[in-house]
Amino acid sequence: MIVINQVKSELNWKGSKLSIQEMLDNKEVLKHKAARLLKIKESDIASIQILKHSIDARKKPQIFQVYSLGIKLNRLAEEAIVKKCKNANIMILEQVEYYFPKAGTKKLSKRPVIIGMGPAGLFCGYMLALHGYRPILLERGCDVETRTKDVEEYWQGGILKADSNVQFGEGGAGTFSDGKLNTLVKDKKGRNKEVLRIFVNAGAPEEILYESKPHIGTDILKKVVVSMREEIIRNGGEVRFESKVTALKTENDEMTGVVINDKEVIQTNHVVLAIGHSARDTFSYLNSIHLPMESKSFAVGMRVEHPQELINEVMYGKEHGRELPAAPYKLTAKTSVDRGVYSFCMCPGGYVVNASSEEGRIAVNGMSYSDRNSQNANSAIIVQVTPKDFGAEGSLAGVEFQRRLEEKAFMAGNGKVPVQYYEDYVADKGSEENPDYQNPCIKGKYLYTNLRGILPEECEQAFMEGMEHFDKVIPGFAAKDTILAGIESRTSSPVRINRDENLQSPAIKGLYPCGEGAGYAGGITSAAMDGIYIAEKIAECYAPF
């Protein structure tokens, strides 16, 4: 297959104004351009495949769609065509195919156990089940259907359920998110594409295979998670909800079993610890048994809301702002206090959600549905913090730092999500709802108040400097009516659970720290890839049942 990179096409083609989807569906437009670039006839092209797609608005009002195309030819020699073109953007495809490793020869006497059904645990279990290892997946929370009801009841003012909320339950924290599937992880083994392919097989739209910034939204992600669970069960795996692992059993520093809900014991020699970044009680237990782990840097800040129309016009221009998909942005800044400030988990056409998981504490996150049709865009604007900021030493210092911030947010909002207009944040005075300003798009009860004093003073200064810097990039970003909501404290795990070259804990053989909670991923796709990596390590040594 020949690959042609950087194929550009305007939204207007031959006098016709085509939408994004019409362009993607109309392969004749791309076939025409490919034939011209390859200096061949259109009839010489047997098939055309979109490998990557993005929107280039740098020369607005001219808007380009940019493609990488895979071309198969009728009878013509691909190497000769590429050589004749003398174009650096035209080459023979060197595609990385994903291969699950050949099974090892050691015999498994007991089924492997996976703790947690976020992306890391789910994909680890999926791959092990698919290849005959009959894993047992244990999730402290509920299935996604029950979990969704519990979360929506909480957002309406109901009680917070400790093990069934935005953080805990089938699918993990990513289930109530924008469903972003891009990652910066280098992928020499093809795991990234494998994750996306599995998602598509489970019901996600095929476009995630080629979009430069793929996402599926929380509505589709819930269905995908159920489909993957059913596939695990079909292939001999077992899935158990409301099954919190409260202790690990070991003998001679090797895994022998896990204790569920303080009473039931499952014997096993292989445990995948995919607990997620909010399993604070589990972190505390692991610390009590002296499992090697350490405090790590992360970032904290506020969710910031703007009218999506404003973001669209700035990113695309007024001419195309209404016809293109809800626009994302990505922003970074350095500040006078030597702290990086950046946008995180940007949700075009999304909602701020109450993502709390502990009584007396408030944490927020961002979420979008697949159509991204909310009137507001939101993003976390976050400030880097390190163990020096935590005010204590030890592997759980970052956890306690998060808790203190969340307690302040809870007090500020009187148990609701605290919100404030940016002009009042700068002035350090409480906000009151202004009918002339944009309304928040928030899932959960909220209260206008004062957010100052929640973040450490130096972080507040960095946050405001970052906001003013971003206003120069996106005019209106630091407008007086920009809505802030706090606090964004769960950006990544505050701990790293150590693992060796075999991906096992150096203290307990057969215990595999995995995914975002263990400090080895940051987002849905990278966590899923780490889950696959763990599954490969187990399979390399052991034969399936």
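Quick note: numbers below take in every heavy atom, side chains included, and nothing from hydrogens, waters or symmetry partners. Please read these numbers as outputs of a predicted model, since none were measured by experiment.
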Problem - Contact summary for V314 and K60, nearest pair of heavy atoms - result: O-CE, 3.0 Å
Practice task
Give, for atom CD of E242 and atom CG of D143, the distance between the pair rounded to the nearest 0.5 Å.
Solution key: 8.0 Å
Handout entry: Electrostatic pair R361-E358, nearest N-O below 4.0 angstrom
Key = yes
Practice task
Check whether any side-chain heavy atom of F401 lies under 4.5 Å from a side-chain heavy atom of V385, and answer yes or no.
Solution key: yes
Problem - Pairwise side-chain contact, L181 with I524, heavy-atom cut-off 4.5 Å (strictly under) - result: yes
Exercise for the section: Mind checking the CG-CD1 spacing from L130 to I198? Nearest 0.5 Å is all I need. Expected result: 7.5 Å
Exercise for the section: Assess R140 against F168: is NZ or CZ under 6.0 Å from the centre of the six-membered ring, and within 45 degrees of the ring's axis? Expected result: yes
Practice task
Cation-pi check, R197 to Y98: give yes when NZ or CZ is under 6.0 Å from the six-membered ring centre and within 45° of the ring axis, no otherwise.
Solution key: no
Problem - Pair E536 + R191, salt bridge at N-O below 4.0 Å - result: yes
Problem - Side chains of H131 and Y133 in contact at under 4.5 Å (non-hydrogen atoms) - result: yes
Practice task
Taking the six-membered ring for Trp and the full ring for Phe, Tyr or His, determine whether the centres of Y533 and Y512 are under 6.0 Å apart.
Solution key: no
Handout entry: F344 side, atom CZ; T332 side, atom OG1 - distance, nearest 0.5 Å
Key = 15.0 Å
Exercise for the section: Kindly assign one of parallel, tilted or perpendicular to the pair H306 and F477, based on the angle between their ring planes and the thresholds 30° and 60°. Expected result: tilted
Practice task
On the 0 to 90° scale, with breaks at 30° and 60°, tag the Y448-Y446 ring pair as parallel, tilted or perpendicular.
Solution key: perpendicular
Exercise for the section: Please round to the nearest 0.5 Å and tell me the distance separating atom CG of L455 and atom CG of L405. Expected result: 6.5 Å
Fill in the blank from the handout: When every non-hydrogen atom of A162 is compared with those of N165, the smallest separation belongs to O-ND2, 3.1 Å
Problem - Shortest non-hydrogen contact between N182 and S212, atoms and distance - result: CB-O, 4.3 Å
Problem - Shortest non-hydrogen separation from G415 to I362 and the atoms involved - result: O-CD1, 3.7 Å
Practice task
Would you please say whether a donor-acceptor pair under 3.5 Å links the side chains of R280 and Q402?
Solution key: yes
Completion exercise
Distance col, row L451:CG vs Y425:OH, nearest 0.5 angstrom, shows 7.0 Å
Completion exercise
Rounding to 0.5 Å, atoms NZ (K193) and OG1 (T525) come to a distance of 11.0 Å
Problem - Side-chain touch V304/M467, heavy atoms, less than 4.5 angstrom - result: yes
Fill in the blank from the handout: Taking every heavy atom of C142 against every heavy atom of S164, the minimum-distance pair comes out as SG-OG, 3.8 Å
Handout entry: 4.5 Å side-chain heavy-atom contact, R303 and C345
Key = yes
Exercise for the section: Name the orientation class of the two ring planes belonging to H53 and Y210 (parallel below 30°, tilted from 30 to 60°, perpendicular beyond 60°). Expected result: perpendicular
Exercise for the section: Using only heavy-atom distances, determine whether the side chains of Q167 and S278 contain a donor-acceptor pair under 3.5 Å. Expected result: yes
Exercise for the section: Find out whether Q6 and V66 are in side-chain contact, i.e. whether some heavy atom of one side chain is under 4.5 Å from a heavy atom of the other. Expected result: yes
Problem - No-hydrogen, no-angle side-chain donor-acceptor test under 3.5 Å, E406 and S489 - result: yes
Practice task
Run the salt-bridge test on R229 and E145 with the 4.0 Å N-O cut-off and return the result as yes or no.
Solution key: yes
Problem - D178/R372 salt bridge by N-O under 4.0 Å criterion - result: yes
Completion exercise
A204 and I216 have their tightest heavy-atom pair at CB-CG2, 4.0 Å
Exercise for the section: Tell me, yes or no, whether the heavy-atom count around K223 atom NZ, taken from other residues, nucleotides or ligands under 6.0 Å, exceeds 12. Expected result: no
Handout entry: Worked verdict on D481 versus Y422 for side chain to side chain donor-acceptor pair (under 3.5 Å)
Key = CA-CA 6 Å; D481 58 345; Y422 182 66; over 6 Å; no
Exercise for the section: For N376 and S374, run side chain to side chain donor-acceptor pair (under 3.5 Å): C-alpha distance rounded to whole Å, both residues' side-chain angles, the deciding distance at 0.1 Å, then the answer. Expected result: CA-CA 5 Å; N376 285 359; S374 157; 5.5 Å; no
